[in-house]
There are 2 protein chains.
Amino acid sequence: MLKMKDFEEHINTLRSLGLRPTKQRIKICEILFGKKATFHFTVNQLNEIYKKKFKSKISLATIYNTVHGFKKKGYLKEITLDGNKSYYDTNTLNHHHFYDEGEDKLIDIENFDVSLNSLPKAPLNKSIKSVELMIRLENNNHNQK
Amino acid sequence: MLKMKDFEEHINTLRSLGLRPTKQRIKICEILFGKKATFHFTVNQLNEIYKKKFKSKISLATIYNTVHGFKKKGYLKEITLDGNKSYYDTNTLNHHHFYDEGEDKLIDIENFDVSLNSLPKAPLNKSIKSVELMIRLENNNHNQK
DNA sequence: CTTATACTTTAGAATGATTATAAATTAATT
DNA sequence: AATTAATTTATAATCATTCTAAAGTATAAG
Ligand SMILES: [Mn+2]
Ligand SMILES: [Mn+2]
Ligand SMILES: [Zn+2]
Ligand SMILES: [Zn+2]
């Protein structure tokens, strides 16, 4: 069966990162890396998903620890938006986003959908670490009766 | 003398925005709009500058109120970065930024230094509100003895 | 100029996200 | 099975931001 295989894979991933495969971490892996699609989330959203999916609670501190651990190992990327909370992204490659303000939702943009033909040169003694586009979206229905 | 003129101008600006020209607001105007260059700041930085420049204290709540007021009137723009605090920008036009991570500093990029040749189409029923680039910088001296 | 009114400032409390702490639990090692 | 080290947990602490309600100030009216 497939479930077993995913489970084992998450254990191996965790071990290869030098993180003990605890049941909390394995479950978080199932949420984050069990789907094929990119996944954008906040710590609180992840906590809610965890509670619903596994009908068990987990300490918020563990969610923070795990997410920070995955980020440090390069398995998650932190994303910056309005507001005071962080978003995380299972797509750790450099890429661009739509941000739908109405739904407070991030959407990946494929790199080939964007062409950046010229970039400014970095200031002296600095080099470019990343180049990311944020395209904010609003609903079309502006002036309605 | 020039000082007087600037002062009067700030009063007029405030009046034209429907904001009473209180001494706190006029001083904040002097800080924000007294220089020609674009200015990026956090609420706390503005508070520190105010204390040093005028040797007087102001309530943080007033700084928040004023900054939010200017933002609503389109005289300031909020910028989004890592972390949990907001930056504000006296340049309210759509424009791109360098972010120097070492110095935690934003630098404007002139629009003509960037050419975006193709953009993705907005999802159904959504339209693009803004397109902004964030170019993160790091120091060159990485592998030093 | 004096009073009345609405707006503004202020200190401090409340909130919400995040981080720190220290004890209890669990995984890995012997 | 016992020992050690890592992890989880509840809870407290911190920090940016927002809220509140009382005191102060700018403007409008008389
Ligand atoms: Mn804000
Ligand atoms: Mn963080
Ligand atoms: Zn993404
Ligand atoms: Zn700027």
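Labels below follow one simple rule: chain letters A, B, ... track the order of the sequence lines, proteins then strands, and each chain is numbered from 1.
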To the nearest Å, give me how far apart [atom1] ([X]) and [atom2] ([N]) are.
X: Lys51(A); N: dT9(D); atom1: NZ; atom2: P; answer: 13 Å
X: Arg25(A); N: dT7(D); atom1: CZ; atom2: C1'; answer: 6 Å
X: Leu19(B); N: dT25(D); atom1: CG; atom2: P; answer: 19 Å
X: Leu60(B); N: dT17(D); atom1: CG; atom2: P; answer: 9 Å
X: Lys27(B); N: dT9(C); atom1: NZ; atom2: C1'; answer: 13 Å
X: Leu81(A); N: dA17(C); atom1: CG; atom2: P; answer: 15 Å

| query | Transitively linked via ILVMFWY side-chain contacts under 4.5 Å: Phe39(B) with Val67(B)? | reply | yes
Taking 4.0 Å as the cut-off, does a side-chain nitrogen or oxygen of [X] come that near to OP1 or OP2 on [N]?
X: Tyr64(B); N: dT17(D); result: yes
X: Ser86(B); N: dA16(D); result: no
X: Ser59(B); N: dT9(C); result: no
X: Thr42(B); N: dA16(D); result: no
X: His68(A); N: dT19(C); result: yes
X: Gln24(B); N: dT25(D); result: no

| field | Ionic contact status for Lys27(B) with Glu30(B), cut-off 4.0 Å | value | no
| Any idea which of dT17(D), dT7(D), dT18(C) is nearest the Val43(B) side chain? | dT17(D)
| task | State, yes or no, whether a side-chain contact exists between His10(B) and Phe33(B) at a heavy-atom distance under 4.5 Å. | result | yes
| message | Check the orientation of Tyr87(A) and Tyr99(A). Use parallel for under 30°, tilted for 30 to 60°, and perpendicular for over 60°. | response | perpendicular
| message | If you apply the rule side-chain contact (heavy atoms from CB on, under 4.5 Å), what do you find for Asp108(A) with Asp89(A), and how did you get there? | response | CA-CA 10 Å; Asp108(A) 276 1; Asp89(A) 190 339; 3.8 Å; yes
| remark: Value for CG (Asp104(B)) from CG (Leu81(B)), rounded to nearest 0.5 Å, stands at 7.0 Å
| Tell me, for nucleotides 20-30 of chain C in 5' to 3' order, what letter each nucleotide earns: B for a base near a protein heavy atom under 4.0 Å, S for only sugar-phosphate near one, - for neither? | B------BS--
| request: Could you check Lys85(B) against Thr66(A) and say which one's nearest nucleotide on DNA chain D is further toward the 5' end? | output: Thr66(A)
Result block: side-chain N/O donor-acceptor pairs under 3.5 angstrom for residues 56-63 of chain A, not counting sequence neighbours:
unit_1: Ser59(A); atom_1: OG; unit_2: Ala61(A); atom_2: N; d: 3.1

